[in-house]
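One structure below.
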Amino acid sequence: SLPELSYGYLKHMWTRGFRSEAVQLLKECTDKWVDANSNFAARCRLKLGAWQKMIYQENNNSIAVTQILDSFRTATELNPNSYKVWHSWALMNFEVASQFEQNKQNNLENIIIHLVLAIRGF
């Protein structure tokens with residue numbers, strides 16, 4: 001079908017180095033695909049979160065952590081029975097809490113919020 005073909009093309013774009021374009025298009029497409037197949041849309045959101053996380057790690061925080069968390073959170077809402085989306089959501093929240101703790105960027109309340117979300121996800 002068209003969404004799967006488009007998804008495959010976006011993955012090809014990613015591997016060819018058009019990363020920011022692939023991320024933007026995947027986000028736009030996933031928003032449109034939600035009504036057609038929520039499991040497929042969840043898989044796309046999971047990939048989107050993974051790509052955003054890679055860009056975040058490679059480019060010194062060029063993508064906001066909130067965007068990454070939003071992608072993983074949306075994936076859990078689209079497919080609440082998928083262990084992969086819950087694991088990714090939990091792991092990202094744990095990493096955010098760890099980063100906050102190491103950098104002393106946030107107060108204890110923000111760290112606890114992300115740790116609780118991580119525990120619920122695992």
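Both backbone and side-chain heavy atoms feed into the values below; hydrogens, waters and symmetry mates do not.
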Exercise. With a 4.5 Å heavy-atom cut-off, do Val85 and Phe72 have their side chains touching?
Worked result: no
Exercise. Just wondering, do Trp33 and Ser38 contact through their side chains at under 4.5 Å, heavy atoms?
Worked result: no
Exercise. Closest heavy-atom contact between Trp51 and Leu10?
Worked result: CH2-O, 3.6 Å
Exercise. Minimum heavy-atom separation for Asn37 to Asn39, with atom names?
Worked result: OD1-N, 3.1 Å
Exercise. Does the Thr15 side chain pair with the main chain of His12, one donor and one acceptor, at a distance under 3.5 Å?
Worked result: yes
Exercise. Once you round to the nearest 0.5 Å, how far does SG of Cys44 lie from NZ of Lys11?
Worked result: 9.0 Å
For this session: Report yes if some heavy atom in the side chain of Glu58 is under 4.5 Å from a heavy atom in the side chain of Met54; otherwise report no.
Result: yes
Exercise. Between the side chain of Trp89 and the main-chain N/O of Leu69, is any donor-acceptor distance below 3.5 Å?
Worked result: no
Problem set entry | From OG1 (Thr74) to CG (Leu46), nearest 0.5 Å | 11.5 Å
For this session: Would you confirm whether Asp70, through its side chain, and Thr66, through its main-chain N or O, come within 3.5 Å as a donor-acceptor pair?
Result: no
Exercise. Do Tyr7 and Leu26 have side-chain heavy atoms sitting under 4.5 Å apart?
Worked result: yes
Exercise. Roughly how far, to the nearest 0.5 Å, is the SG atom of Cys29 from the OH atom of Tyr9?
Worked result: 11.5 Å
Exercise. Given Phe94 and Ser98, is the side chain to side chain contact (heavy atoms under 4.5 Å, CB included) satisfied, shown in steps?
Worked result: CA-CA 6 Å; Phe94 177 76; Ser98 296; 3.7 Å; yes
Problem set entry | Test item: Arg43 and Leu78 side chains (from C-beta on) under 4.5 Å apart, heavy atoms | no
For this session: Could you tell me which non-hydrogen atom of Gln67 sits nearest to which non-hydrogen atom of Gln52, and how far apart they are?
Result: O-OE1, 3.3 Å
For this session: Heavy atoms only: give me the nearest Ala42-Asn79 pair and the separation to one decimal.
Result: CB-CB, 3.5 Å
Exercise. Quick one: does Lys27's side chain get under 4.5 Å of Arg45's, heavy atoms only?
Worked result: yes
Exercise. Which value, rounded to the nearest 0.5 Å, describes the distance between Ser71 atom OG and Met92 atom CE?
Worked result: 10.0 Å
Exercise. If you round to the nearest 0.5 Å, how far is NZ of Lys32 from CG of Leu2?
Worked result: 10.0 Å
Problem set entry | Interatomic spacing from CG in Leu25 to OG in Ser20 - rounded to 0.5 Å | 9.5 Å
For this session: With the side chain counted from C-beta on, respond yes when Glu21 and Trp14 share a heavy-atom pair under 4.5 Å apart, and no when they do not.
Result: no
Exercise. With a 3.5 Å cut-off and no angle check, do the side chains of Glu28 and Gln24 form a donor-acceptor pair?
Worked result: yes
